Amino acid sequence: MTVLQPIRKAAIIGAGQMGLGIAYVSVVHAKIPITIHDPSERVLSSALEKYKSLISRDIAKSRLTQTEADEALSKFQTLQGDGTGENGQGAALKDDTDLIIEAIPEIPELKLGLFKRLGQLLPESTILGSNTSSISITKLAASAVSSLSKEEGKRSSERVIGIHYFNPVPQMKLVEIIPALQTSQSTIDRAKAFGKACKKEVTTSSDSPGFIANAILMPMINEAIMVLEKGIATPADIDLTFKLGMSHPMGPLTLADLIGLDTCLNIQRVLHNETGDSKYRPSGLLIRMVDAGWVGRKGGKGFYEYDNKGNKLD
Ligand SMILES: NC(=O)c1ccc[n+]([C@@H]2O[C@H](COP(=O)([O-])OP(=O)(O)OC[C@H]3O[C@@H](n4cnc5c(N)ncnc54)[C@H](O)[C@@H]3O)[C@@H](O)[C@H]2O)c1
């Protein structure tokens with residue numbers, strides 16, 4: 001039996017809603033130290049506040065002791081920049097980092113550029129994971145070989161993998177693992193073991209646009225927005241139909257607000273571009289709402305309005 005190299009230290013790139021949640025379960029459940037990188041100082045200070053409030057909530061619910069909470073605080077570090085020397089201070093990522101998980105916006109050029117720099121910067125023992133909802137992991141793996149020799153390039157692409165958590169990460173019990181065509185079996189095994197260490201169930205999807213979850217979810221959300229756009233029903237009635245008629249815990253428009261309307265639009269654009277299938281075309285209303293800066297719960301307004309703690313207003 002082969003012994004898997006353990007993940008002892010990780011870095012998260014992007015401290016938005018997903019990056020912070022991934023950092024939290026990595027420290028609290030997988031019990032490893034985390035550095036979280038983001039170009040925005042404002043995002044980093046808000047991430048630290050949210051991290052502390054997640055800890056306080058877990059203490060209040062007796063899920064963490066004070067000693068565990070102190071340990072979790074000492075294992076969490078924030079750093080400005082993206083870790084590779086872009087958008088901030090120098091290349092802060094260290095050779096002894098066993099795992100990187102990027103959670104930057106769902107924009108192909110941004111992620112491809114990041115994987116190119118990560119491929120050059122980090123030793124081939126470091127797993128390069130992406131929390132992308134839809135972008136091809138095979139393309140990210142190909143980007144991680146740029147300017148390396150053929151043999152180094154092959155090994156560099158073998159350590160790239162999709163590690164797709166769900167929102168909100170501390171509550172949702174799933175991780176979707178997506179190997180690229182190039183990914184090695186040991187990378188798959190290490191990524192699955194890490195997902196389980198974060199106390200998640202693991203599913204595996206091949207590298208196809210939207211993988212399992214978003215290939216099914218995004219067309220449903222888009223159809224719900226089109227029903228609204230056509231004036232067929234109000235947001236409240238569309239959501240209530242799914243809650244009470246189909247036993248979904250929340251309706252599709254509430255879920256779209258939670259995911260982020262910018263993220264939904266970016267995912268739909270990737271699905272549409274990658275498949276060429278018109279069923280994935282984003283609705284005009286979604287495009288206009290993102291144009292208006294109405295990105296959902298994280299921005300205070302989407303299909304509903306929210307206070308600065310993210311609670312829905314009546
Ligand atoms: N929101 C969801 O429900 C959800 C669920 C699963 C996966 N995802 C995926 O996770 C990723 C992040 O989504 P999110 O909802 O956390 O987005 P978000 O907008 O909350 O956070 C993105 C963060 O990335 C930072 N950033 C921007 N450009 C960067 C760069 N070049 N380098 C480093 N950081 C940069 C931003 O400052 C921001 O803090 C996306 O790929 C998304 O598809 C999102």
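It should be emphasised that the depicted structure is a prediction, and the values quoted were computed from it without experimental measurement. Order of listing sets the numbers, starting from 1, for every ligand and every atom in it.
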- Item | ligand 1 to Asp262 polar contact by distance, N or O atoms, under 3.5 Å | no
- With sequence neighbours excluded, give me every side-chain hydrogen bond (donor to acceptor under 3.5 Å, both in side chains) pair touching residues 224-235. none
- Task: From atom 22 (C) of ligand 1, work out which of Ala15, Gly14, Ala103, Ser46 has a heavy atom at the shortest distance.
- Result: Ala103
- Note on the structure: Rounded to the nearest 0.5 angstrom, the CG-CE distance for Asp257 and Met250 is 10.5 Å
- Considering the heavy atoms of Val43, write down every atom of ligand 1 situated less than 4.0 Å from one of them. 39 (O)
- Message: As an exercise, state the distance from CG of Leu258 to CZ of Phe303, rounded to the nearest 0.5 Å.
- Response: 13.0 Å
- Message: Looking only at distances, can you tell me whether any N or O atom of Leu258, backbone or side chain, sits closer than 3.5 Å to an N or O atom of ligand 1?
- Response: no
- Are Lys111 and Glu106 within salt-bridge range, i.e. N to O under 4.0 Å? yes
- Item | Salt bridge present between Lys298 and Asp262 (N-O < 4.0 angstrom) | yes
- If you count the atoms of ligand 1 from 1 in the order shown, which ones are under 4.0 Å from a heavy atom of Asn167? 1 (N), 2 (C), 3 (O)
- Please state which protein non-hydrogen atom is closest to atom 1 (N) of ligand 1 and give its distance, to 0.1 Å? Ile259 O, 2.8 Å
- Message: Assess the residue pair Gln5 and Ser125 against the criterion (side chain to side chain donor-acceptor pair (under 3.5 Å)); give the C-alpha distance rounded to whole Å, side-chain angles, the decisive distance to 0.1 Å, and a yes or no.
- Response: CA-CA 9 Å; Gln5 271 175 281; Ser125 55; 5.3 Å; no
- Residues pairing under salt bridge (charged side-chain N to carboxylate O under 4.0 Å, His left out) where one sits in residues 267-294, two or more places apart or in two chains, turn out to be Lys139-Glu274, Arg288-Asp291
- Examine Ser133 against ligand 1 and note whether any of their N/O atoms are separated by less than 3.5 Å. yes
- Atoms of ligand 1 under 4.0 Å from any heavy atom of Thr263, numbered from 1 in the order shown, are 42 (C), 43 (O)
- Heteroatom proximity flag, Lys111 to ligand 1, N/O under 3.5 Å: yes
- Item | Per-atom contacts of ligand 1 with Asp82, taking only distances under 4.0 Å to non-hydrogen atoms | 32 (N), 33 (C)
- ligand 1 N/O within reach of His164 N/O, cut-off under 3.5 Å: no
- Message: I need the atoms of ligand 1 closer than 4.0 Å to a non-hydrogen atom of Ile13, numbered in the order shown.
- Response: 33 (C)
- Message: Less than 4.0 Å is my threshold; does some heavy atom of Gly260 fall inside it relative to ligand 1?
- Response: no
- Query: Side chain, backbone, both or neither: which part of His37 has a heavy atom under 4.0 Å from ligand 1?
  - Reply: neither
- Query: Taking the six-membered ring of Tyr306 as reference, does the NZ or CZ atom of Lys312 fall below 6.0 Å from its centre and within a 45° cone about the axis?
  - Reply: no
- Honestly, for Glu102 the part within reach of ligand 1 (heavy atoms, under 4.0 Å) is neither
- Contact partition for Tyr165 relative to ligand 1, non-hydrogen atoms under 4.0 Å: backbone
- Query: Of the backbone atoms (N, CA, C, O) and the side-chain heavy atoms from C-beta on, which set of Lys298 has a member under 4.0 Å from an atom of ligand 1: side chain, backbone, both, or neither?
  - Reply: side chain
- Message: Which residue and atom name correspond to the protein heavy atom nearest atom 39 (O) of ligand 1, and how close is it?
- Response: Asp38 OD2, 2.7 Å
- Message: I'd like to know whether Ser46 forms a side chain to side chain donor-acceptor pair (under 3.5 Å) with Glu49, so could you lay out the CA-CA distance, the side-chain angles of the two residues, the decisive distance to 0.1 Å, and finally the verdict.
- Response: CA-CA 5 Å; Ser46 140; Glu49 286 316 305; over 6 Å; no
- For ligand 1, which atoms, with element, lie under 4.0 Å from some heavy atom of Gln17? 1 (N), 14 (P), 15 (O), 16 (O), 20 (O)
- Message: Which residue and atom name correspond to the protein heavy atom nearest atom 30 (C) of ligand 1, and how close is it?
- Response: Asn87 ND2, 3.8 Å
- Query: Counting heavy atoms only, which of Glu109, Arg42, Met18 comes nearest to atom 14 (P) of ligand 1?
  - Reply: Met18
- Under 4.0 Å, heavy atoms only, figure out whether ligand 1 is touched by the backbone of Asn131, its side chain, both or neither. both
- Do Phe115 and Leu110 belong to the same hydrophobic cluster, where Ile, Leu, Val, Met, Phe, Trp and Tyr are linked whenever their side-chain heavy atoms lie under 4.5 Å apart, directly or via other members? yes
- Task: Heavy-atom contacts with Gly16 under 4.0 Å: which atoms of ligand 1 show up? List them by number with element.
- Result: 16 (O), 20 (O), 21 (O), 23 (C), 39 (O)
- Task: Under the side chain to side chain donor-acceptor pair (under 3.5 Å) rule, what do Thr187 and Glu158 come out as? Steps first, then yes or no, please.
- Result: CA-CA 7 Å; Thr187 301; Glu158 285 177 351; over 6 Å; no
- Message: Looking only at the aromatic ring of each residue, does the gap between the centers of Tyr280 and His272 stay below 6.0 angstrom?
- Response: no
- Task: If the plane angle is over 60° it's perpendicular, under 30° parallel, otherwise tilted; pick one for Tyr51 and Tyr24.
- Result: perpendicular
- Under 3.5 Å side-chain donor-acceptor pair for Ser156 and Arg159: yes
- Task: Note the single closest protein heavy atom to atom 26 (N) of ligand 1, along with its residue, its atom name and the distance in Å.
- Result: Pro105 CD, 3.6 Å
- Item | CZ on Phe194 to CG on Asp98, rounded to 0.5 Å | 10.0 Å
- Nitrogen or oxygen of Ile104 less than 3.5 angstrom from that of ligand 1: yes
- The closest protein heavy-atom partner of atom 35 (C) of ligand 1 is Pro39 CD, 3.5 Å
